[in-house]
Amino acid sequence: MNTQQRRLKRGTFREQPLAQREEAEFRSLFENAAAGLFRKSRSGGFLLVNTALARMFGYPTPDAFLAESKEAGHSLFADPQAFAAMVHKLLTHGVVNNAELRIIPRTPEGARPAAAAEWIAVTARAVYTSKGSIRHFEGTVTDITRCKTARMRAAQLQEQLEQARSLECAGVLARALAEDIGGLLEPIVQQTQSALNTLPAHSPAHTALDQALTASTEARGQLYRMLEFCRELEPPQVPVSFTAVVKECLRTLRGKNQDEKDGEAVPVKITADLDAREDVVKGNARLLRRAVCALVKYAADSCSGRTGPAMTLRLRTIDMETAAAAAHPPHTRTLPAGRHICLTFSGSGAHALPQGCTACPPWSTHGKPSLAMVQGIVKLHNGILCQGPDEGGVATLCLYLPALGVADSARTAAGPAPRLGSERILVVDTDHSERNQWRALLGPLGYRMETRPGPVEGLRLFMESPESFDLVITAYAMPQLNGLEFARTLTGIRPDIPVALCLSAHDTVTPDSACAAGACRLARKPLDGAARTRLVELMLSRNTDKTAGQRSWPRFSS
């Protein structure tokens, strides 16, 4: 192009009418706007849209959007009623501000376009003619997908927070009720025990009172477990074979053990595939059994099938550091690296387990038990409970627990053998079963056991020969004298006598008050065999302070 031609072109541009230049600038502004712009007829069809709006709906160009929107109609929106309400408001008031609508983006290849929106905010107005009738509608559209997703997530978190607060309030209420009921049970246990001591063994009332005492003792244990669930008391955790826990639950739920009182058969056929290389976890066997039994019942209630309901349990060991871990649910990403035990529940039928489960308590489905208690036990063991991937159209429920290393579990399990001794130990407790457990455990180890049902009898025996006793184990709740008063009386007679104080679930004794009364150590009931032997070993392994000429014992609290 020569110089003359360039001059002619510039002259032609300068000679263009002003209206054409303004129209070109307006069209450029309309097409390149970041927000979606539209003009819509009163009958409902789109007259004009820009590129941004077409891309929000998944169309590459405005022409493609206009061509298909005439046939699509209200199918562009996921909620036609919300769209109709917005149009009605436009017709009535003539203006709409930030009306939120969920759209259905165009997906010709079956995949969602990258630039497509899911939620939009529409601000529109009606344009009127000189006679006052509506000519058309025009407005702007903004992509609010990220903002809407964030608000929905915030609402979900708020709901979870409210649920957590409700569970916390329920825990506080359960703790208060447990303490009140425990206070009512204590005199029942004491008076029943006193009546048993005065009645002869052949008396007809002896059997009835013994059954009442057993039931009252079991009720106290239930109160302890309630406080344990409320996190008032942390249950002891030791290496546990998870395979053995699952097998014991299945043996009970299948109804094979008819002699067991807690045997409850489930109306499904259970197939177990328990193949875990490292099945040892650190936890509480009783709580784990309760969680697994509840999950089996929950999954069994959700099973359905034409040929009869069936359920499959699979136990595997997975390594979260390997690539295979990517096949597990997204919730497993929160688990620490290392090996984990995975217990999978799957059942027959299209709806074997409730759809849409998350890892947030409390789970509940209409007509099915709540899994809030299971979720609390799982969290206590640093695990997660979540909806797993579908297996052939069947939903699954997965339980993940951190596996204890082979070396760690072997080293923990192979602890030192119980200490043998010949010391004389006095046990004072109103609970007949507690005294029998102490005698049955420590007697074969060589200890000389003396047991008394009350503080008066125990004090009378102790005063006969104070120097002959090496250890006194006493309960707190007793008639005439409680554990603190009994310990204070013993140390007044012999200051160096070690006294261990065993507390029930509802007993509130601080270490300072126990130390002031002369008790060297506190322990929470119920105590298993390992806890009892450890308590005795720690109490008897006292050191002698040669400079002061006095004995001292380690002090601890429950």
Side-chain angles (χ1 to χ4, degrees), residues 9-108 112-149 151-152:
K9 185 176 182 180
R10 286 197 301 270
T12 302
F13 177 76
R14 291 171 182 172
E15 291 175 0
Q16 286 181 348
L18 179 62
Q20 294 183 4
R21 294 203 305 268
E22 290 178 350
E23 181 181 357
E25 292 175 357
F26 173 76
R27 181 170 295 276
S28 175
L29 177 65
F30 179 82
E31 291 293 338
N32 299 321
L37 304 176
F38 71 92
R39 177 176 292 173
K40 192 176 179 65
S41 66
R42 181 177 179 179
S43 60
F46 284 93
L47 302 176
L48 190 64
V49 297
N50 67 342
T51 305
L53 187 141
R55 290 179 177 176
M56 287 182 191
F57 283 83
Y59 294 87
T61 62
D63 294 336
F65 175 78
L66 291 175
E68 295 191 16
S69 64
K70 295 179 180 179
E71 302 177 358
H74 291 176
S75 63
L76 293 173
F77 301 94
D79 189 357
Q81 295 181 356
F83 176 75
M86 184 194 71
V87 174
H88 177 73
K89 188 175 182 180
L90 267 175
L91 294 173
T92 306
H93 300 87
V95 63
V96 170
N97 292 318
N98 294 324
E100 297 183 356
L101 298 174
R102 187 174 183 179
I103 64 176
I104 304 176
R106 174 176 175 267
T107 56
R112 184 182 182 85
E118 184 177 0
W119 287 90
I120 58 173
V122 180
T123 299
R125 70 182 184 92
V127 179
Y128 297 90
T129 63
S130 58
K131 297 182 179 181
S133 61
I134 297 178
R135 176 184 299 172
H136 57 260
F137 304 105
E138 61 184 18
T140 61
V141 176
T142 307
D143 184 0
I144 60 169
T145 302
R146 297 181 62 181
C147 180
K148 186 70 175 181
T149 304
R151 291 206 303 265
M152 293 173 63

Criterion side chain to side chain contact (heavy atoms under 4.5 Å, CB included) on V122 and F38, from CA distance to verdict | CA-CA 10 Å; V122 180; F38 71 92; 4.2 Å; yes
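- In this structure, the separation between CG on L48 and CZ on F30 is 3.5 Å, given to the nearest 0.5 Å.
- Under the side chain to side chain contact (heavy atoms under 4.5 Å, CB included) criterion, T61 pairs with D63, A64, sequence neighbours left out.
- A85 is linked by a side chain to side chain contact (heavy atoms under 4.5 Å, CB included) to nothing, counting only residues two or more places apart in sequence or in another chain.
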Sequence neighbours excluded and cut-off under 3.5 Å, please list the side-chain donor-acceptor pairs for residues 124-133, or say none.
| unit_1 | atom_1 | unit_2 | atom_2 | d |
| --- | --- | --- | --- | --- |
| R125 | NE | E138 | OE2 | 3.4 |
| R125 | NH2 | E138 | OE2 | 2.6 |
| T129 | OG1 | K131 | N | 3.4 |
| T129 | OG1 | S133 | N | 3.3 |
| T129 | OG1 | S133 | O | 3.3 |
| T129 | OG1 | S133 | OG | 2.8 |

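- The two residues A35 and A52 make their nearest non-hydrogen contact at O-CB, 3.7 Å.
- For S41, the side chain to side chain donor-acceptor pair (under 3.5 Å) partners two or more places apart in sequence, or in a different chain, are S43.
- At least one cation-pi condition fails for K40 and F137: the charged atom is not both under 6.0 angstrom from the six-membered ring centre and inside a 45 degree cone around its axis.
- Within the structure, the salt bridge (Lys or Arg N to Asp or Glu O under 4.0 Å) test picks out the following pairs touching residues 85-104 (sequence neighbours left out): E100-K148, E100-R151, R102-E118.
- In plain terms, the two heavy atoms of T123 and N98 that are nearest each other are OG1-N, 3.2 Å.
- Qualifying side chain to side chain donor-acceptor pair (under 3.5 Å) partners for T51, counting only residues two or more places apart in sequence or in other chains: E31.
- Counting only heavy atoms from C-beta outward, the side chains of M86 and L101 approach each other to under 4.5 Å.
- Looking at residues two or more places apart in sequence or on another chain, you find a side chain to side chain contact (heavy atoms under 4.5 Å, CB included) between A33 and L37, N50.
- Under the rule for a side chain to side chain contact (heavy atoms under 4.5 Å, CB included), A24 has no partner lying at least two apart in sequence or in another chain.
- The line from NE2 of H88 to CG of L91 is 8.0 Å long, rounded to the nearest 0.5 Å.
- For the side chain to side chain contact (heavy atoms under 4.5 Å, CB included) criterion with M56, the lone passing option out of V141, T142, T145 is V141.
- Ring orientation note: the planes of F57 and F65 are tilted relative to one another, at an angle of 30° to 60°.
- For the pair T92/L90, no side-chain contact is recorded, criterion being any heavy-atom separation below 4.5 Å from C-beta on.
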